[in-house]
Amino acid sequence: MLKNFISPYDAHIVKLCKKSGLVLLGKTNLDEFAMGSSNESSYFGPCKNPWDLSRIPGGSSGGSAAAISANLTPIATGTDTGGSIRQPASMCNITGLKPTYGLVSRYGIIAYASSLDQAGPMGNSAEDCALLLNIISGYDKKDSTSSFAHKKDFTKILNNSIKGIKIGIPEDYFSKGLDPKIELTIQHALKKYESMGAKLKSIRMKHNDICISAYYIIAQAEASSNLAKYDGIRFGYRCQNPKNLWDLYERSRGEGFGEIVKQRILAGTFMLSSEFYNSYYIKAQKIRRLIFQDFQKAFEKVDVIMGPTSPILPYKIGKNKNDLSLLYLSDMYTLALNMAGLPGITIPAGFVKKLPIGLQIISPAFTEEKLLNIAHQFQLNTDWHMQKPQNIL
Ligand code: GLN
């Protein structure tokens, strides 16, 4: 749909990066319109995981994660609607932060699901992410959901002690679907935090299991609306020799969009139809509120929440092409944060079969400096994040 599209203006965060003197190397691969968890639905073909070239790098921002992992660039940006920064970062052994909704301007970023989308930093360490977040965060009047919060220095408390912090461990994150070897790696990482003076406390995230369904209703509904403008007239690809106006719309969208995108537009349109709006969209919004309340309750007892970023290891490219359920399940720990608008970071925590495992840390809204501090302290005491795949530049 946007193959040869050259944006007539820069996104707000691109402007900020240029202003600060960063050199922009180019665009990275991703799933079409950021829909996916494996990078296999990219129009330009799948991106590969530098740790094993036959495997997915995760998605949708797999290109950014792979580029950092392979030392092609020290930092990159990604967008995260349901996990697209954290999940590929975890699968490529890098650090990735999804900021609080509203902390980073969405102006100029192609929308997938506007109430969930958020751009954020990816890098080799929490410190690098903090430096990039310093550049790209802040109020922007061109994004109506941009936060008025004062600009912060996210590197300021990186070196604070984390002794005595309370870490919530949701029982619900260590259940069906989690690879037992990943679970073991995460338990080791949690022990490490304990040895650094943190206190672990078991908590519940009761609605996490219905989060996937609710997320896909909201995301697809918003996507169907956001992507309506790509009709061959206003924006995007236009088909050759249309017979009439209807044919132009139908073929431009039919030929211009990939399969996953079309499936989601259809599902979203269906769920927003007057007949089904109440039983799908409204219900999903109610579940969204319950998920938010789960976090609110948890943060009355603990400072941060920790668990695995992904329940599965990066799988072989093409292996699960027809298994949509696996694609959906691979985001089971990341989606809830977008539903609640909360920040989350993933940090390298070990390896299983020479493939990277990420630990996800979640904190209350607009407490990224704390999140980065807790991640940085782990990285001062471990060297998982320093590991690089073999045979890279
Ligand atoms: N995998 C999720 C989806 O396809 C999340 C993608 C994202 O965060 N952009 O919707």
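Both ligands and their constituent atoms are indexed starting at 1 by order of listing. Note that this is a predicted model, so its numbers are computed, not measured.
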Check against side-chain hydrogen bond (donor to acceptor under 3.5 Å, both in side chains), Glu40 and Ser38: CA-CA 5 Å; Glu40 290 166 292; Ser38 67; 2.7 Å; yes
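An N or O contact shorter than 3.5 Å is missing between Thr79 and ligand 1 by distance. Checked by distance only, ligand 1 and Gly83 come closer than 3.5 Å through their nitrogen or oxygen atoms. Ligand 1 has no nitrogen or oxygen under 3.5 angstrom from a nitrogen or oxygen of Asp80.
Note: Trp246 and Tyr249 have perpendicular aromatic rings, judged against thresholds of 30 and 60 degrees for the angle between ring planes. Ring geometry, Phe33 versus Tyr230: the interplanar angle falls from 30° to 60°, so the pair is classed tilted.
Of the heavy atoms in Asp331, only side-chain atoms (C-beta onward) come closer than 4.0 Å to ligand 1. Contacts between Arg86 and ligand 1 below 4.0 angstrom, taking non-hydrogen atoms only, are absent altogether. Heavy atoms of Ser60 found under 4.0 angstrom from ligand 1 belong exclusively to the side chain.
Atoms of ligand 1 lying under 4.0 Å from any heavy atom of Met35, numbered from 1 in the order shown and given with element: 4 (O). Near Tyr215, meaning under 4.0 Å from one of its heavy atoms, ligand 1 places the atoms 2 (C), 3 (C), 5 (C), 10 (O). Of all atoms in ligand 1, numbered sequentially from 1 with element shown, those under 4.0 Å from a heavy atom of Ala34 are 6 (C), 7 (C), 9 (N). Residue-ligand proximity, Ser84 to ligand 1, at heavy-atom distances under 4.0 Å covers atoms 5 (C), 6 (C), 7 (C), 8 (O), 9 (N).
For the pair Lys142 and Tyr107, the cation sits on the ring face: its NZ or CZ lies under 6.0 Å from the ring centre, inside 45° of the axis.
Under a hydrophobic clustering in which Ile, Leu, Val, Met, Phe, Trp and Tyr are joined whenever their side-chain heavy atoms come within less than 4.5 Å, directly or via other members, Leu227 and Ile217 fall into different clusters. A single hydrophobic cluster is seen to contain both Tyr328 and Ile287, as judged by linkage of ILVMFWY side chains at heavy-atom distances under 4.5 Å, directly or through other members.
Regarding atom 10 (O) of ligand 1, its nearest protein heavy-atom neighbour is Tyr112 OH, 2.6 Å.
When each of Ser41, Ser42, Ser60 is tested with Asp31 by the rule side-chain hydrogen bond (donor to acceptor under 3.5 Å, both in side chains), just one qualifies, namely Ser41.
At distances below 3.5 Å, at least one donor-acceptor pair connects side-chain atoms of Lys388 with backbone N or O atoms of Ser69. Side-chain atoms of Lys98 do not come within 3.5 Å of backbone N or O of Gly82 as any donor-acceptor pair.
In this structure, Tyr328 has no heavy atom closer than 4.0 Å to ligand 1. Distances from ligand 1 to the non-hydrogen atoms of Arg264 include at least one value under 4.0 Å.
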